[in-house]
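A short worksheet on the structure shown next.
One-based numbering along the sequence shown.
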Amino acid sequence: MEKKIVILGGDGFCGWPTALHLSAKDYNVTIVDNLSRRLIDVELGASSLTPIKSTERRLEAWTRITGRQINFEKIDAAKDYEALKSLLNRVRPDTVIHFAEQRAAPYSMKSATHKTYTVDNNIGATHNLLSILSELELDTHVVHLGTMGVYGYDDAGLEIPEGYLPVQIKTETGEFISREVLYPTDPGSVYHMTKSMDQLLFQFYAKNDGIRVTDLHQGIVWGTQTEETRLSESLINRFDYDGDYGTVLNRFLMQAAVGHPLTVHGTGGQTRAFIHIQDTVRCIALAVENPPARGARVKILNQITECHRVRDLASIVSKVTGAKVAFVDNPRKEADENDLRVSNATFIDLGLKPTTLENGLLAETMDIAVKYALRHDPAMIPCVSTWTSTQRPGEVKERQAIA
Ligand SMILES: NC(=O)c1ccc[n+]([C@@H]2O[C@H](COP(=O)([O-])OP(=O)(O)OC[C@H]3O[C@@H](n4cnc5c(N)ncnc54)[C@H](O)[C@@H]3O)[C@@H](O)[C@H]2O)c1
């Protein structure tokens, strides 16, 4: 029988290509989204570099091109408990994929209002989903998109494992007992803090109600298109380049395309984990196909394919495109330099063949950043959200080094 999947946040950057990929794989897909991301574009005066269509037009195009249908329900997962419950009771999905959170660290640090919104929205959506599944007694597998950022970026001195850390604890009588604990989080923004709190909600509902949960700790996503979104311009995925929502590599690609120096924060010594959007959708399909058993602990997988230092990334993009590199004030509160090693053994064992930066970068620059460069607004490039009131936004100033 056809498997049913509900995708919370299915209109977003990761959710939309995931919905198409799973529909193409014959899953019966329903998107739930409150379209808050499109409203935040209006609030910020920003828009996707790519000309994304309305949800309705995208879905019509998918049906016209492939003959397949994806359902859409406009529901706020954090606020409309009864509407979400009624939908899940009607559909009784095999899997719910949960992307429906405010996902930009800079946006979450903009003001007290943005902090409160991020906490209420993210924790509210996650808790509503778990509480509904428990109330309806559904044996639905929850696949959640978490982030590598929950672990912070201090040098751990070890490869970050997939979720759990074996520890030895010395008791008061001097004996040692062994335990496996959640790998400690060390969030660096309110957004990352909500993702750390999600982990405890999952741990509780897995233990108390036997809910099957896979939590994917994803790296920073780069790229725009997947096999399915490439089928027509009407299906094109969003490409954020503004200071709040643009992820670092996509910002560099777009900056290179419009002749703006690549803005590296601080020394650029921050090491981060990355994954291409095509691999994101493949990993999610693998996670859907390999659920944990009922009653098992939360399955935590690191969804990343490579790690790079930000200044090295800038230098790779600069080599491919000839763009200059500018070092600007870092608006974040974080270490200047860090190393990062992450285990991604499970996805590699399940057969993931990573799209590497080396192979994908030039195509991405030409297909997207150069093609749509004229749609950019230069005013949206600088990061203007800062972590504390004493910091300065990351604008390019004349006195700053441009290499
Ligand atoms: N993009 C990345 O680089 C990245 C990296 C690591 C983890 N993630 C995680 O993946 C998930 C998706 O990220 P994205 O880049 O696609 O973000 P996005 O903002 O493009 O998409 C999120 C979608 O969820 C919807 N949404 C938000 N709150 C909602 C609510 N209360 N009810 C219903 N819909 C709601 C938004 O309208 C949007 O369409 C996020 O949870 C994010 O934390 C993303």
Rounded to the nearest 0.5 Å, what's the gap from [atom1] on [X] to [atom2] on [Y]? Could you check?
{"X": "Leu340", "Y": "Gln270", "atom1": "CG", "atom2": "CD", "result": "12.0 Å"}
{"X": "Ile52", "Y": "Phe13", "atom1": "CD1", "atom2": "CZ", "result": "11.5 Å"}
{"X": "Ile211", "Y": "Phe204", "atom1": "CD1", "atom2": "CZ", "result": "9.5 Å"}
{"X": "Met148", "Y": "Asn344", "atom1": "CE", "atom2": "CG", "result": "9.5 Å"}
{"X": "Asn121", "Y": "Thr116", "atom1": "CG", "atom2": "OG1", "result": "12.0 Å"}

[X] side-chain N/O to [Y] backbone N/O, donor-acceptor pair under 3.5 Å:
{"X": "Asp240", "Y": "Ser48", "result": "no"}
{"X": "Arg375", "Y": "Leu49", "result": "yes"}
{"X": "Thr50", "Y": "Phe239", "result": "yes"}
{"X": "Asn28", "Y": "Glu2", "result": "no"}
{"X": "Gln168", "Y": "Phe176", "result": "no"}
{"X": "Thr321", "Y": "Val317", "result": "yes"}
{"X": "Thr140", "Y": "Pro93", "result": "yes"}
{"X": "Thr171", "Y": "Glu175", "result": "yes"}
{"X": "Thr126", "Y": "Asn122", "result": "yes"}
{"X": "Arg311", "Y": "Thr267", "result": "yes"}

Non-hydrogen side-chain atoms of [X] and [Y] separated by less than 4.5 Å:
{"X": "Ser318", "Y": "Leu262", "value": "yes"}
{"X": "Leu87", "Y": "Val32", "value": "yes"}
{"X": "Phe99", "Y": "Ile284", "value": "yes"}
{"X": "His308", "Y": "Thr271", "value": "no"}
{"X": "Val288", "Y": "Asp94", "value": "no"}

Shortest non-hydrogen contact from [X] to [Y]?
{"X": "Ala100", "Y": "Gly9", "result": "CB-N, 3.8 Å"}
{"X": "Ala314", "Y": "Val264", "result": "CB-CG2, 3.6 Å"}
{"X": "Asp215", "Y": "Leu145", "result": "OD1-C, 4.5 Å"}
{"X": "Tyr205", "Y": "Ser134", "result": "CE2-CB, 4.2 Å"}
{"X": "Val342", "Y": "Cys307", "result": "CG2-SG, 4.2 Å"}
{"X": "Leu352", "Y": "Pro354", "result": "O-CD, 3.5 Å"}

Subject >> Sequence neighbours excluded, every pair satisfying side-chain hydrogen bond (donor to acceptor under 3.5 Å, both in side chains) that has a member inside residues 290-301 >> reply: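 Qualifying pairs: Asp139-Arg294, Glu180-Arg297.
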Original post:
Can we call the ring centroids of His217 and Tyr151 under 6.0 Å apart?
Top reply: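 Ring centroids of His217 and Tyr151 are less than 6.0 Å from each other.
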**OP:** Report the relative orientation of the aromatic rings in Tyr117 and Tyr107; use parallel for angles under 30°, tilted for 30 to 60°, perpendicular for over 60°.
**Re:**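 Ring orientation of Tyr117 relative to Tyr107: perpendicular.
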Original post:
Between Trp222 and His276, how do the two ring planes meet: parallel, tilted or perpendicular, split at 30° and 60°?
Top reply: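 Perpendicular, since the angle between the ring planes exceeds 60°.
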If only side-chain N and O atoms count, and only distance matters, is there a donor-acceptor pair under 3.5 Å linking [Y] with [X]?
{"X": "Tyr27", "Y": "Thr95", "answer": "no"}
{"X": "Gln218", "Y": "Thr280", "answer": "yes"}
{"X": "Gln199", "Y": "Tyr183", "answer": "no"}
{"X": "His144", "Y": "Asp198", "answer": "yes"}
{"X": "Asp279", "Y": "Thr305", "answer": "no"}

How about [X]: does its [atom1] atom have over 12 heavy atoms from other parts shown lying under 6.0 Å from it?
{"X": "Lys4", "atom1": "NZ", "value": "yes"}
{"X": "Arg179", "atom1": "CZ", "value": "no"}
{"X": "Glu358", "atom1": "CD", "value": "no"}
{"X": "Glu137", "atom1": "CD", "value": "no"}
{"X": "Lys3", "atom1": "NZ", "value": "no"}

Subject >> From Arg38, Lys53, Arg57, residue fulfilling salt bridge (Lys or Arg N to Asp or Glu O under 4.0 Å) relative to Asp11 >> reply: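 Answer to the salt bridge (Lys or Arg N to Asp or Glu O under 4.0 Å) test with Asp11 among Arg38, Lys53, Arg57: Arg38.
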**OP:** Tell me whether the guanidinium CZ or amine NZ of Arg238 lies under 6.0 angstrom from the six-membered ring centre of Trp16 and within 45° of its axis.
**Re:**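 No; the conditions do not both hold, so Arg238 does not lie above the ring face of Trp16.
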Original post:
Honestly, is Arg37 close enough over Tyr245, meaning NZ or CZ under 6.0 Å from the six-membered ring centre and within 45° of the axis?
Top reply: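 Flagged: Arg37 positioned over aromatic ring of Tyr245.
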